[in-house]
Amino acid sequence: MTVEEQVEAGGPTRRLRSARRRDGRRRREPLAPPPRVRDKLMVITEHADRDQIAVLEENVLVQHYVTRAGATSMVGNIYLGRVQNVLPGMEAAFVDIGRGRNGVLYAGEVDYRPEDLEGPAPRIEQVLKPGQDILVQVTKDPMGGKGARLTANLSLAGRYLVLAPNQDLAGISRRLSEEARRSLKHILKTVKPPEHGVIVRTAAEGASEEAIVTDLRRLLGIWEEIQRQAKRRKAPAVLYEEPELTVRVVRDLFTDEEFRELVTDSPRLFERVTAYVREVAPDLADKVRLHTGPLPVFEEYRVVEQIRKALDRKVWLPSGGYIVIERTEAMTIVDVNTGKSVGSTNLEETVLATNLEAAREVARQLRLRDIGGIIVIDFIDMLLEQNKRRVEDAMREALALDKTRSQVYEIGPLGLMQVTRKRVSSGLVESFSETCPTCEGRGILVTYEVD
């Protein structure tokens with residue numbers, strides 16, 4: 001299951017509000033669902049060896065995707081793999097999927113049979129043996145020296161639904177209103193196949209039962225073809241490939257409720273996107289437009305300017321404060337400073353206002369730069385506990401708009417907040433940069449010489 005699908009099933013963060021329990025410790029209460037942004041625009045361009053996709057909310061860039069010509073992602077692809085070896089000490093198996101480096105299947109991603117779950121979950125070496133064929137799906141592309149991350153819990157994404165073959169689950173996106181959830185819950189009970197799991201996506205809001213059934217039938221047809229191929233092919237073999245990045249982003253993000261338009265200045269991409277939309281979502285075909293203005297589409301909508309700002313270390317806040325974003329091998333560090341902000345009442349209020357601005361901007365930068373892993377944010381010190389809670393809630397509410405799974409932890413005694421965000425790509429800065437051959441990425445020139 002892709003990141004977006006997991007998010008829609010359970011929410012990108014546990015949208016929680018802090019409260020005090022009788023024993024003095026804080027408990028969590030659910031926050032209201034975040035307001036849905038209605039004024040969204042998707043802009044796609046083709047430049048040199050890159051296809052770029054930008055998502056703007058009220059003309060502010062919030063997401064950016066880039067792919068190089070010839071570069072493909074394996075995420076979502078389904079393979080008939082062959083187990084090469086099982087490592088009990090790592091609780092993982094290495095699986096040959098025919099792509100050079102073996103993929104890694106951890107014990108938590110094994111698809112156990114119902115009889116295996118009656119007692120304690122068996123160890124991975126009891127379920128998988130070297131030479132065994134297994135159906136797996138890629139959840140993370142190879143990075144550095146690591147192979148692709150695999151799961152045996154397969155999923156197929158459609159426009160309205162996510163089909164989870166041979167799994168006992170049913171879910172509805174938590175981004176939907178309670179009224180929409182109740183309506184879709186009734187439809188889900190009617191259409192869900194007993195042998196498969198189904199997750200209803202956010203895009204299903206307002207969709208008719210007929211449209212949802214059509215989407216489900218298409219996914220079931222894909223699954224039947226995968227099963228036929230699995231019986232005919234010899235491992236390792238690819239059984240299903242996700243569409244290219246552009247089409248995948250359109251499928252996962254472009255919905256009639258949120259987006260007013262999809263604009264591209266590439267005739268090739270326009271034809272490809274239009275063909276896909278007409279097949280899967282014909283009601284959206286009128287929203288796809290080929291840009292023919294005097295300026296390139298990224299300049300027309302000021303995307304280039306916003307990308308350049310997103311490549312800087314320092315990001316200014318409206319009040320005059322700023323944040324500094326530093327990447328390290330293990331984590332990303334964000335430092336918050338008051339800068340030119342002097343406030344108008346007292347120091348605590350000035351600090352709180354800057355920290356609230358910073359929390360919202362950090363959340364936007366995490367989405368825009370596609371920063372994953374561990375993020376540590378050094379907020380300006382606050383004296384009042386209630387102000388710390390307000391900053392925590394602001395961060396959670398801002399990240400609730402992010403479809404990539406994340407978790408926000410409380411501000412500690414040193415004023416540090418820890419955030420974890422699912423790592424799904426190398427990031428925006430890495431897409432437009434390369435390591436300096438002189439300093440090797442350290443950012444310094446060593447001048448000491450030994451005679």
Side-chain angles (χ1 to χ4, degrees), residues 1-11 75-81 105 108-118 121 127 133-139 150-176 178-233 237-243 248 251-252 255 276 279-283 403:
M1 189 177 295
T2 64
V3 174
E4 290 83 358
E5 293 145 17
Q6 294 177 22
V7 165
E8 292 192 347
V75 174
N77 292 357
I78 296 176
Y79 296 86
L80 178 62
L105 177 66
E109 298 293 342
V110 175
D111 185 15
Y112 294 105
R113 295 184 299 271
E115 56 268 25
D116 294 331
L117 300 178
E118 293 180 357
V127 180
D133 290 352
I134 182 174
L135 279 176
V136 291
Q137 187 170 33
V138 177
T139 59
L150 307 176
T151 180
N153 297 305
L154 311 181
S155 65
L156 295 168
R159 182 186 178 193
Y160 298 124
L161 305 173
V162 176
L163 179 68
N166 302 324
Q167 298 178 53
D168 183 20
L169 60 88
I172 299 176
S173 170
R174 296 189 181 184
R175 294 174 176 271
L176 297 171
E178 286 301 318
E179 182 180 353
R181 286 172 59 86
R182 282 194 298 268
S183 175
L184 290 169
K185 187 176 181 180
H186 174 73
I187 296 176
L188 182 59
K189 289 181 179 180
T190 305
V191 306
K192 180 185 176 299
E195 69 275 19
H196 301 308
V198 173
I199 295 172
V200 181
R201 308 184 71 178
T202 308
E205 183 174 12
S208 65
E209 182 174 342
E210 181 182 358
I212 292 175
V213 169
T214 300
D215 197 39
L216 178 60
R217 286 174 180 167
R218 189 175 65 85
L219 295 175
L220 289 172
I222 295 174
W223 173 240
E224 290 172 2
E225 179 60 26
I226 291 173
Q227 290 180 302
R228 282 194 293 268
Q229 292 292 330
K231 294 176 182 178
R232 297 173 184 171
R233 307 289 293 277
V238 58
L239 304 180
Y240 169 79
E241 289 186 281
E242 281 278 283
R248 194 181 310 180
R251 178 196 66 193
D252 291 340
T255 64
Y276 175 80
E279 177 186 357
V280 178
D283 54 306
K403 289 190 175 183

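Excluded from the calculations below are hydrogen atoms, water molecules and symmetry mates; all remaining heavy atoms, backbone and side chain alike, are included.
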**OP:** Using modelled atom types only, decide if a donor and an acceptor are shared between the side chain of Asp215 and the backbone of Tyr160 within a distance under 3.5 Å.
**Re:** yes
**OP:** Spell out, as yes or no, whether a donor-acceptor pair under 3.5 Å connects the side chain of Arg201 to the backbone of Val162.
**Re:** no
Original post:
Less than 4.5 Å apart, any side-chain heavy atom of Leu150 and any of Val138?
Top reply: yes
Subject >> Side-chain (Lys192) to main-chain (His196) donor-acceptor, under 3.5 angstrom >> reply: yes
Original post:
Are side-chain heavy atoms of Thr190 and Glu209 found at a separation under 4.5 Å?
Top reply: yes
Original post:
Which pair of non-hydrogen atoms, one from Leu154 and one from Val136, has the smallest distance, and what is that distance?
Top reply: CD2-C, 3.8 Å
Subject >> Pairwise distance CD(Gln137) to CD1(Ile226) - rounded to 0.5 angstrom >> reply: 8.0 Å
Original post:
Which residues satisfy the side-chain hydrogen bond (donor to acceptor under 3.5 Å, both in side chains) test with Tyr240, sequence neighbours excluded?
Top reply: Glu242
**OP:** Go through the structure and list residues passing side-chain hydrogen bond (donor to acceptor under 3.5 Å, both in side chains) with Asn166, not counting sequence neighbours.
**Re:** none
Subject >> Under 3.5 Å: donor-acceptor pair, side chain of Arg181, backbone of Ile172 >> reply: yes
**OP:** Could you pull out the closest heavy-atom pair between Pro165 and Trp223, with the gap in Å?
**Re:** CB-CE2, 3.4 Å
Original post:
Hey, what do you get for CD (Gln167) to OG (Ser155), rounding to the nearest 0.5 Å?
Top reply: 7.5 Å
Original post:
When rounded to the nearest 0.5 angstrom, what distance separates CG in Leu80 from CG in Asp133?
Top reply: 5.0 Å
Subject >> Heavy-atom pair of closest approach, residues Ile212 and Leu184 >> reply: CD1-CD2, 3.8 Å
Original post:
Can you tell me how far CZ of Arg218 sits from CZ of Arg159, rounded to the nearest 0.5 angstrom?
Top reply: 10.5 Å
Original post:
How far apart are the closest heavy atoms of Ser173 and Thr202, and which atoms are they?
Top reply: OG-OG1, 2.8 Å
Subject >> Spacing of Leu239 atom CG and Arg232 atom CZ [to the nearest 0.5 Å] >> reply: 11.5 Å
Original post:
Got a sec: does the CD of Glu179 have more than 12 other heavy atoms crowding it under 6.0 Å?
Top reply: no
Original post:
If every non-hydrogen atom of Val198 is compared with every non-hydrogen atom of Leu161, which pair is closest and at what distance?
Top reply: CG1-CD2, 3.8 Å
Original post:
Looking at residues at least two apart in the chain, or sitting in another chain, which of them share a salt bridge (Lys or Arg N to Asp or Glu O under 4.0 Å) with Arg217?
Top reply: none
**OP:** Quick one: pull up CG in Leu135 and OG1 in Thr151 and give me the separation to the nearest 0.5 Å.
**Re:** 11.5 Å
Original post:
Which atoms form the tightest heavy-atom contact between Asn153 and Gly108, and what is the distance?
Top reply: ND2-O, 4.4 Å
